[in-house]
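Just so it is clear, the structure is predicted and the values come from calculations on it, not from any experiment. Values below: all heavy atoms of this structure, side chains included; hydrogens, waters and symmetry mates excluded. Just so we're on the same page: letters track the sequence lines, and every chain starts at 1.
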2 protein chains.
Amino acid sequence: MSDFDLTEFLPYQLAAAAARVSRAFAERYRDDFGISIPEWRVLVHLAHSGSVSVREIHARVEMDKSKVSRAAQRLTDAGYVEKRPHAEDRRLIDLRLTPAGQALVARLLPIAAQFQEELIASLGADHAALRRALGRIMETK
Amino acid sequence: MSDFDLTEFLPYQLAAAAARVSRAFAERYRDDFGISIPEWRVLVHLAHSGSVSVREIHARVEMDKSKVSRAAQRLTDAGYVEKRPHAEDRRLIDLRLTPAGQALVARLLPIAAQFQEELIASLGADHAALRRALGRIMETK
DNA sequence: CTTGACTCGTTGCATTCGCAACAATACATC
DNA sequence: GATGTATTGTTGCGAATGCAACGAGTCAAG
């Protein structure tokens, strides 16, 4: 009967909290738009960065190459994303939003912003420290 | 070219940070003990709570029933966990650590404690606020 | 005692995941 | 220009995941 309590273990708390938030967030998008979280990440990154390669997304966002590739393929099949060969380096592929993709993102972003605001509101004064702590974890690599 | 930056989106930061921590933590256990995170959670919960049912773990820890069941099965096959029918309610199964399981946990816990301490140390003054914030997320359900 | 509603743990199934190949391309060195 | 090394995106594959369905067991109402 050890005195080690899993629910007080920080890595567990982090994983559990992240899983809950992600699940709640994913529900909104799945039900209304049929979009998964990997797809959401690709869409948003394209909206933010314009024409971009798979490798670029893989490097900036926390996603495996294959995860990016498959998400991009699903989005392409759905008509939200377009693939073009890169002009100078033919190993690269330029991913970019189609007009339909841009319209989709325009509808997604306000929902995401509202979701985040509700989350932040529930955190109160600890919000800033949470952001700093998460940032430091990401730095530590 | 929207101004929405995914890397500043709190649900993403949370998921990314949790993924990194979990991956680093899982590596230590996989390489040295061949234990996955679901298995680690079951082991620790058994060490903490003694004889316990699958449902109990499912309720306390953030894990699907089937995830608990399969982790418990792997641990049983490995000789770390023993299954006994519950005396009063035969739908329930009492999971408990074998001596080998207890010995394993005794080796795992110091590593976990050290891992957590390193993590906490890297967070500095924001540690307490992080714990509060994560706790509030879990409360909000 | 029987019936029906509920609970527990397991399993089937489709999906997703990470990791390691792989072919195609780029580039530096000779 | 030929050759060897490195990089990019895709795919194959085994393992893990979540969800629903299932059989077995419990319990209360009649």
Side-chain angles (χ1 to χ4, degrees), chain A residues 15-16 18-27 29-31 34-42 45-46 51-78 81-96, chain B residues 15-16 18-27 29-31 34-42 45-46 51-78 81-96:
Chain A
R20 285 215 184 170
V21 170
S22 286
R23 204 175 314 139
F25 184 65
E27 268 179 28
Y29 281 2
R30 173 168 40 88
D31 297 344
I35 292 293
S36 70
I37 286 186
E39 288 153 16
W40 144 260
R41 290 185 182 176
V42 169
H45 195 75
L46 290 179
S51 178
V52 137
S53 68
V54 169
R55 156 177 158 276
E56 176 71 11
I57 300 178
H58 161 63
R60 301 250 180 245
V61 178
E62 191 79 1
M63 283 174 78
D64 188 74
K65 277 194 308 177
S66 62
K67 211 169 172 178
V68 176
S69 174
R70 291 190 243 247
Q73 186 55 52
R74 287 192 293 266
L75 291 170
T76 302
D77 293 342
V81 166
E82 187 184 17
K83 294 183 181 182
R84 299 189 191 179
H86 188 89
E88 298 155 11
D89 188 337
R90 282 186 298 176
R91 292 172 302 181
L92 303 182
I93 292 186
D94 280 344
L95 299 173
R96 63 182 65 199
Chain B
R20 285 215 183 168
V21 170
S22 286
R23 205 176 312 139
F25 185 65
E27 268 178 28
Y29 281 4
R30 173 169 41 86
D31 297 343
I35 293 293
S36 71
I37 286 187
E39 288 153 16
W40 144 261
R41 289 185 182 177
V42 169
H45 195 76
L46 290 179
S51 178
V52 137
S53 68
V54 169
R55 156 178 157 275
E56 177 71 12
I57 300 178
H58 161 63
R60 302 251 180 246
V61 178
E62 192 79 0
M63 284 174 76
D64 188 73
K65 277 194 307 178
S66 62
K67 211 170 172 178
V68 176
S69 174
R70 290 190 244 247
Q73 186 57 51
R74 287 192 294 265
L75 291 170
T76 302
D77 293 343
V81 166
E82 187 184 18
K83 294 184 181 181
R84 300 188 189 179
H86 188 88
E88 298 155 10
D89 188 338
R90 283 185 298 177
R91 291 172 302 181
L92 302 183
I93 292 186
D94 280 344
L95 299 173
R96 63 181 65 200

Rounded to whole angstroms, how far apart are [atom1] on [X] and [atom2] on [N]?
X     : N      : atom1 : atom2 : result
B:K67 : D:dT17 : NZ    : C1'   : 7 Å
B:H58 : D:dA20 : NE2   : P     : 13 Å
B:Q73 : D:dA16 : CD    : P     : 13 Å
A:D94 : D:dT8  : CG    : P     : 14 Å

- Task: By nearest nucleotide on DNA chain D, pick out whichever of A:L92 and A:D64 is the more 5' one.
- Result: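 The residue mapped nearer the 5' terminus is A:L92.
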- If each of A:R30 and B:R74 is mapped to the nucleotide of DNA chain D with the nearest heavy atom, which maps nearer the 5' terminus, i.e. the 5' end?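 Per heavy-atom nearest nucleotide, the more 5' residue is B:R74.
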Quick one: does [X]'s side chain get under 4.5 Å of [Y]'s, heavy atoms only?
X     : Y     : answer
B:R23 : A:E62 : yes
A:R96 : A:S51 : yes
B:V61 : B:V42 : no
A:R91 : A:H86 : no

For nucleotides 12-14 of chain D, give me every protein contact, N/O to N/O, under 3.5 Å, one pair per line with atom names.
unit_1	atom_1	unit_2	atom_2	d
D:dG12	O6	A:R70	NH2	3.0

- Candidates D:dC19, D:dA24, D:dT10 - which lies nearest the side chain of B:R91: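 Nearest listed nucleotide: D:dA24.
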- Atom CZ of B:R60: over 12 foreign heavy atoms under 6.0 Å: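 For B:R60, atom CZ is not crowded (no more than 12 foreign heavy atoms under 6.0 Å).
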- Message: For chain A and DNA chain C, what are the first and last nucleotides along the strand, 5' to 3', with at least one atom under 4.0 angstrom from a heavy atom of the protein chain?
- Response: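 Nucleotide range in contact with chain A: C:dC17 to C:dA26.
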Looking only at heavy atoms, which two atoms of [X] and [Y] are closest? And how far apart?
X     : Y     : value
A:L92 : A:S53 : CD2-CB, 4.5 Å
A:L46 : A:L95 : CD2-O, 3.4 Å
B:H58 : B:D64 : ND1-C, 3.8 Å

- N or O in side chain of A:K65 less than 4.0 angstrom from D:dG9 OP1/OP2: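 No, outside the criterion.
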- Take A:R90 and A:P38, find for each the nucleotide of DNA chain C with the closest heavy atom, and name the residue whose nucleotide sits nearer the 5' end.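 Looking at DNA chain C, the more 5' nearest nucleotide goes with A:P38.
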- Message: Suppose the criterion is salt bridge (Lys or Arg N to Asp or Glu O under 4.0 Å): which pairs have a residue in residues 66-75 of chain A, not counting sequence neighbours?
- Response: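 Qualifying pairs, neighbours excluded: A:E39-A:R74.
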- Look at all strands and tell whether A:E88 reaches a base, only sugar-phosphate, or nothing, counting heavy atoms closer than 4.0 Å.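 Sugar-phosphate, no base atom in range.
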